[in-house]
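Below you'll find the structure, written out as structure tokens, and then a few comments.
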There are 2 protein chains.
Amino acid sequence: MKKLPRKTITRVLLYIRTLEALAKEKRFLVSSKQLSEITGLSDVKIRKDISNFKKIGKPRVGYKTLDLKRTLENYLLQNNVVHLALFGVGNLGSAILSYPGFHQNKIKLVAAFDIDRRKIGKTINGVKIYPVERAPEIIKKYHADIGIIAVPKEHCQEVADYMVLSGLSRILNFAPYSVSVPAKVQVRSIDFTIKILSLFCDAHK
Amino acid sequence: MKKLPRKTITRVLLYIRTLEALAKEKRFLVSSKQLSEITGLSDVKIRKDISNFKKIGKPRVGYKTLDLKRTLENYLLQNNVVHLALFGVGNLGSAILSYPGFHQNKIKLVAAFDIDRRKIGKTINGVKIYPVERAPEIIKKYHADIGIIAVPKEHCQEVADYMVLSGLSRILNFAPYSVSVPAKVQVRSIDFTIKILSLFCDAHK
DNA sequence: TTTTAATCGTTCATAATTTCACGATTGATA
DNA sequence: TATCAATCGTGAAATTATGAACGATTAAAA
């Protein structure tokens, strides 16, 4: 199967989440039309996304919730659990450590790092806080896949550099600042300010 | 001038932020090439985005940082300050209340709402926490533009409904769940889980 | 003054994404 | 059994976004 575009991957992950919720409500059959109403995406787009995998739907009936979920997950995640390492245990970092969405499955926070001596050694939600100097060692030990930047923007570039040095090749940056990294490293950003202003401007014009 | 696509708006907001940072470092001239290196976007795309506004660059020189910033801001933001209302003062909500990125300019948190009696009446970072029942009144009083959902996913739909009822027509949803709203209301989501898994899958394949 | 090199703005071509249109399949109904 | 309505899967068309190419302009250097 060919590599899927990132946008498709994002949508498929949304389908997985939606199917999970449907299964919990004991809705074991679902049509592209219904998924469309829940997610706000068009039904054709949903069918086309799903058709990347295999013919699994039945005309007149729809998809079996659990079969579809399993098929999508098998392709995208293959039972992997993503290991996260968090850099920065301030307000935002602490919220991420306590984020209930991670504690169900698929994502596991394996370690947190900070420079504040008062925080080091503590455990939040089962995750231990280490001094940032130990990042290379700890990241190898726990096989962290993705590093999260949750430090003040003044420090985000140096933290990013250190993450790369520690062996991380995927970074999610919460700081409102662009970081430069070697080409082999992937960075994505979650920037609250830009998200909010974009919603404002887009609706405004 | 024609309405800009959302993707363009998002990029332009990134330029504005970048130009701000450059000005702080006293770099008062910048070329599309340099902006490209900082942001990771291609220089052609940057020039094309900028050309939506007016001819403001000089060949061989680049753009005047402050002029360009002013031009982009004038078009997109027009000196508006975006007023936010936060729903849910848990871990994530508290982090948002303390988020330093907002306290500079352009975005102002005007009120927070919660159902927990122990939180109501408190002030975090200058923002008062009200009982959620008072949302319609407070939102009108402070002219909130955008509502933020930071409640557990089990409650996000009811909160969204109540936001719409209170007069909000733009919602930023941090809960990992799709919410349905009337067509005139715009919802965007920031979903940590999907962001992380998408980064994982995309790099993985 | 002329030449040179950097950089802008724009056109055109390419690629990616979304939407449309429709045939095929299925379960329910007459 | 034959018909009907719902829904899937998909090829083609339309739209949107990206990238390449290049002339035009400018400041600096020769």
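In the text below, chain A, chain B and the rest are named by the order of the sequence lines, each starting its count at 1.
One interatomic measurement links the two molecules: CD1 of Ile46(A) to C1' of dT19(C), which rounds to 14 Å at whole-angstrom precision. The distance between atom CG of Leu4(B) and atom P of dA17(D), rounded to the nearest whole Å, is 11 Å. A straight line from NZ of Lys3(B) to C1' of dT15(D) spans 15 Å, rounded to a whole angstrom. For the pair Asp43(A) CG and dT19(C) C1', the interatomic distance rounds to 11 Å; values are reported in whole Å. Whole-Å rounding puts the Phe53(B) CZ to dC8(C) P distance at 16 Å. In this structure, CG of Leu29(A) is placed 11 Å from P of dA28(C), rounded to the nearest angstrom. The NZ-P distance, from Lys7(B) to dA15(C), rounds to 17 Å in whole Å. For the pair Leu35(B) CG and dT7(C) P, the interatomic distance rounds to 12 Å; values are reported in whole Å.
The number of heavy-atom neighbours closer than 6.0 Å to CG of Asn105(B), taken from other residues, nucleotides and ligands shown, is above 12. For Ile124(B), the CD1 atom is densely surrounded, since the number of other residues' heavy atoms within 6.0 Å is greater than 12. For Phe102(B), the CZ atom is densely surrounded, since the number of other residues' heavy atoms within 6.0 Å is greater than 12.
If you check residues 57-69 of chain A against DNA chain C, the residues with a heavy atom closer than 4.0 Å are Lys58(A), Pro59(A), Arg60(A), Val61(A), listed by number.
Here the nucleotide nearest the side chain of Arg47(A), chosen from dA12(D), dC8(D), dG19(D), is dC8(D). Minimum atom distance to the side chain of Lys55(B) is reached by dT10(C), of the listed dG19(D), dT19(C), dT10(C). In the set dG19(D), dG9(D), dC8(C), the nucleotide with an atom closest to the side chain of Lys45(B) is dG19(D). Distance from the side chain of Lys48(A) is smallest for dA12(D) among the nucleotides dG19(D), dA12(D), dT18(D).
Heavy atoms of Ile56(A) sit under 4.0 angstrom from primed sugar atoms or phosphate atoms, though from no base atom. Contacts of Thr8(B) with the nucleic acid, taken as non-hydrogen atoms under 4.0 Å apart, are absent.
When all heavy atoms of Ile149(B) and Cys156(B) are compared, the closest pair comes out as CG2-CB, 3.9 Å. Contact detail for Leu168(B) and Ala144(B): the closest heavy-atom pair is CD2-O, 3.7 Å. Taking both residues in full, the closest heavy atoms of Ser32(A) and Asp43(A) are given as O-CB, 3.7 Å, listed atom of the first, atom of the second, then distance.
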Salt bridge (Lys or Arg N to Asp or Glu O under 4.0 Å) evaluation trace for Glu73(A) with Lys69(A): CA-CA 6 Å; Glu73(A) 279 181 352; Lys69(A) 172 169 170 284; 3.6 Å; yes
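Look at Ser32(A) and you won't find any side-chain N or O under 4.0 angstrom from OP1 or OP2 of dT7(D). Between Arg11(B) and dT18(D) there is a side-chain polar atom (N or O) within less than 4.0 angstrom of OP1 or OP2.
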